[in-house]
Structures are given as C-alpha cells and as structure tokens.
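Beneath this line is the structure, given in structure tokens, with notes to follow.
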2 protein chains.
Amino acid sequence: MAVVQQEPGTEERILAAARRVFIRKGMAGARMQEVADEAGINKALLHYYFRDKQRLFEGVFKGGAEKQFGCIWNSFNDSTELFDAIERFVAAYIDRMLEEPLLPLFIAQEMSRDPEGLRAFVDRGQASRQRFIRLVEEALAAGAIIDIDPRDLLVNMMALCAHPFVARPMLTHIHGMNDEAFRRMMLKRRKSVPEFIIRSIRA
Amino acid sequence: MAVVQQEPGTEERILAAARRVFIRKGMAGARMQEVADEAGINKALLHYYFRDKQRLFEGVFKGGAEKQFGCIWNSFNDSTELFDAIERFVAAYIDRMLEEPLLPLFIAQEMSRDPEGLRAFVDRGQASRQRFIRLVEEALAAGAIIDIDPRDLLVNMMALCAHPFVARPMLTHIHGMNDEAFRRMMLKRRKSVPEFIIRSIRA
DNA sequence: ATCTGTTTTAACCAATTGGTTAATATTGCG
DNA sequence: CGCAATATTAACCAATTGGTTAAAACAGAT
C-alpha cells in the first residue's frame, strides 16, 4: 500500500509555526498574531483549533519530550561502558541541538518562568540518568575512574554541552563568529568535550 | 566630616526595584506597573525620572558592568600562575552569582533578545580574557598543561560555572533541592570545578 | 507668607493583546 | 443537489500596557 505524501493541514501548520515562535520568543514573549502570521492564517483559527495560548503551547510541547530528547537520553542505552557512554551522549546532545540551537535557552527560560510546564522534558530522562549512574558506579568499582559523584559528573557533562548554545550570542560576539563558525566550533567540541571529561576522571 | 547615612531617594528606589523585576522577568516580560509596585511609587514617576522603559533599563544596567562583574574578571589580575587563576576565577564567579542566582540566565536571555543591549557586560572582560590567554600560553610553554586552545578552556570554565545557575529550576527539580541545598551544591563546586578542570589539563 | 521649582498623584490616552462572534466558505456524504 | 458539519474570515471586544497630562503637594529660599 503506497503512502501518499500529504500537504500539511492547518493544524500542523499552526503547530510548526507556534513552535518556531515560542522557541524564539518564549511563551510570554510570543504573540498570537505573530504565530498566525508565521503560519499564514487568520488569528482566530488559533482559537478555533487550540482555544487559547496555553493550550497551543501545550499542543506544541506536551508529550513531545520523547521526540525532542529521546535520541539524547537513549544514547546511554547503547553503551555498556562509561567512557563510551560519555562520548555517545555528548555527540547525541550536540547533534540534536545543532538542529535547533535556540532550544537549550528556551528550556532554561521556560523552566524558570513555569517550572511545572516542561516537567516532561526533565522527567523523560529519569530512567536514563539512573542507567548513567550505574555506569559510573561500575567504572568506580572497576577502578577505572577517580572517586566522583555521578550526579556532579552529569551536571558537568550537561554544562559543557549546553552552555555554548545558551551563551551563543555572547560567544559569537566575543569571537566574531557567524553561524557557520559557531557550528564548526560545536562540531569540534563534539570530540574535545568527551576528551576533556575523560581526562579529568580517568584513574 | 561625618558622612550621614541617607534614606534612598525615589530615583534609587526605582533603580533597585527595576533591577529586581528586570532580572526576574527580563526586559520584555517586566511590566512598568510591576516595577512601580515593587518600588512603592506611582507608575507615572517611572516616566518622570526615566522617561521610558528603555531608558529605565539602561539606567539600571548601562555602565554597570564594572560593578556587576569587575570582581570576577579582576580575579585574573591577582594570579601569576594558571592553576591559581582558575581557582580564583571559579571562586569569584560562584561567590558573585550566589548573590544573584538569576543573573546568568537574565544575561543569556537579554543577549539573545538584543545582542547590542548588554555589550558592556561582554566587552568588560576583554582585557582580562587576554590576560588569561597569556597565562595559558605561559603554562603551555612551561610544559605544565596539555595542548589546549585557551579559548576552549575559557568556554569550559564559563560552562561549568554558569550552567548550574541557568539550569537551576531543572536541577532543583531533578534532585529535590531547595534554595539552601542548591547553595551548598554550588559551594562544593567552588572547589570541585577547579579540581575537575585542572585534572583534565595538567600535563 | 509668597513664590518658584520640583516631586507626586490620579485620571486619562492610544495602541496592543488574547480572545469572541457571526457570517461566509468549504467539504463530504447521501 | 441539498444538507450538515467543519473550517475560515473580518470585525469586534475587554483588558492590559507604556506613556501623557494637569492638578496638587512639597520643599526651600526670600
């Protein structure tokens, strides 16, 4: 049975446009008229399909954690050894965020504005964080790494991955980078960050 | 001549209140009525003293980089050796940000919204970053560290210092921390982050 | 006490915002 | 084709927002 490629319907077009505007401006800064303009529709349609701004936001982001972040957290499932896990995590994180460089700052902003709003994004990683902690404990037991709290290590990994995206305008200003140069820098970090981490923790 | 402690005038009260609201909500999210409420004044006074929202924002933040960040960047001036510089920088950064934990996220947001707006915050550190680069080069020449780009090292240091503040709501949720526990975590990192970095780069 | 300049207030304004309404257009089915 | 349900539109609404205005209050000097 052949699957026929379909023109996106109005609802899909709204969700995609809303996503772009919300990520760029945040929930509070996004304007419904702006979303309508971005989707090429009359503003009243936003209310017809999604009733109000909050439901539109939820329509875009609720239940989306798997799609947004699954590939990153799933990277731990593919490893049976800590150093490999670190390499895979960093690579997966940077690859994913290079698709949407504004996402880390958006999530930080929205978590600050409404901590309950994006809980799914955070809770999605719970099982994977546990798996990571076990990998660290195994490496400790094997004497492969120094004594370090797995949670501290995970904070450091997240910091080294996420911060350049959050501080992107500052970094591009300081170093006179355009978007392509930023991308190249992150691709370099895809290798150098795991090296930096592993050098630090190796016994 | 004795200096008499003075009651803050209306202008000072406005600036302090505006600062709190801007840092909490960002420039776009802050409401003039909210600033007036926070300062305990009539909203029209904001316009009497500062004419409009943009000038109020500039009144709070322009020219303030030295006071906000001087202590952090000045930490490089007190060191003649790289490892000491790293320790002093991390300590100064964390101490300063523990006074205003919302500041890193605010700066990231505002740099994203209006990159020209807070240039002074970024440019303030230029001479100090040069000094840091020289310290790295001296350590390289002395064979004390591995071959690493000073700018990469500085990004990593900033990441490990700033990210927990930016991701504070996420971290407090994941680890079930209150504000006091977050503070204790950062005080631990005040020592563990320099150790992590130095272990990674030491030759 | 009077005068002048400054500060403060309450009321007001125009524009913007998220949302509503009623009419119109479209779609799919029998 | 007619009908009913759905989708779309333009106009409208009430509330909020940053800002304005004129009057009143205050402060200091003479």
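Order of the sequence lines fixes the chain letters, A, B, ..., with proteins taken first and strands second; residue numbering starts at 1 for each chain.
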What is the nucleic acid contact for A/A36, judged by heavy atoms within less than 4.0 Å: base, sugar-phosphate only, or nothing?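 Result for A/A36 = nothing.
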
Which is true for B/A30 with a 4.0 Å heavy-atom rule: it touches a base, it touches only sugar-phosphate, or it touches nothing? sugar-phosphate

Nearest whole angstrom, please: distance from the [atom2] of [N] to the [atom1] of [X].
X	N	atom1	atom2	answer
A/E34	C/dT16	CD	P	14 Å
B/D52	D/dT17	CG	C1'	14 Å
B/Q33	C/dA11	CD	P	13 Å
B/N42	D/dG18	CG	P	14 Å
A/I41	D/dA10	CD1	P	12 Å
A/L46	C/dT20	CG	P	12 Å
A/F50	C/dT20	CZ	C1'	18 Å
A/R55	C/dG18	CZ	C1'	14 Å

Phosphate OP1/OP2 of [N]: any [X] side-chain N/O under 4.0 Å:
X	N	value
A/R31	C/dG18	yes
A/Y48	C/dT20	no
B/T10	C/dT7	no

Are A/V136 and A/I201 close enough that some pair of their side-chain heavy atoms sits under 4.5 Å apart?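 Result no, sub-4.5 Å side-chain heavy-atom pair not found.
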
Partner set under ring-ring contact (aromatic ring centres under 6.0 Å, His included) for A/Y93, not counting sequence neighbours: none

Audit row: A/L103, A/F69, side-chain contact (heavy atoms from CB on, under 4.5 Å) steps and yes/no: CA-CA 11 Å; A/L103 199 50; A/F69 288 95; 4.3 Å; yes

Please report whether the ring centroid of B/F106 lies less than 6.0 Å from that of B/F22. no

Within residues 16-25 of chain B: residues closer than 4.0 Å to DNA chain D (heavy atoms): none

Salt bridge (charged side-chain N to carboxylate O under 4.0 Å, His left out) between A/E137 and A/R134, intermediate numbers included: CA-CA 5 Å; A/E137 283 163 355; A/R134 280 197 297 276; over 6 Å; no

Would you call B/R168 and B/D179 a salt bridge, using N to O less than 4.0 angstrom?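 Looking at B/R168 and B/D179, the cut-off is met.
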
Give the minimum heavy-atom separation between A/S79 and A/R88, together with the two atoms involved.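 Result for this residue pair: OG-CD, 3.0 Å.
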
If you take atom types as modelled and just measure distance, does the side chain of A/K43 reach the base of C/dG18 with a donor-acceptor pair under 3.5 Å? yes

Between [options], spot the one nearest the side chain of [X], thanks.
X	options	value
A/H47	C/dG19, D/dA7, C/dT7	C/dG19
A/K53	C/dG19, D/dT9, C/dA10	C/dG19
B/M32	C/dT7, D/dG18, C/dT9	D/dG18

B/N156 and A/R189 side chains, donor-acceptor separation under 3.5 Å: yes

If you count the non-hydrogen atoms of other residues, nucleotides and ligands that lie under 6.0 Å from CZ in A/R24, is the total more than 12? yes

If the sugar-phosphate is the primed atoms plus P, OP1 and OP2 and the base is the rest, what is the B/S/- string for nucleotides 21-26 of chain D, using protein heavy atoms under 4.0 Å? B-----

Fit a plane to each ring of A/F89 and A/W73, take the angle between them on a 0 to 90° scale, and name the class: parallel (under 30°), tilted (30 to 60°) or perpendicular (over 60°).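 It falls in the tilted class, 30° to 60°.
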
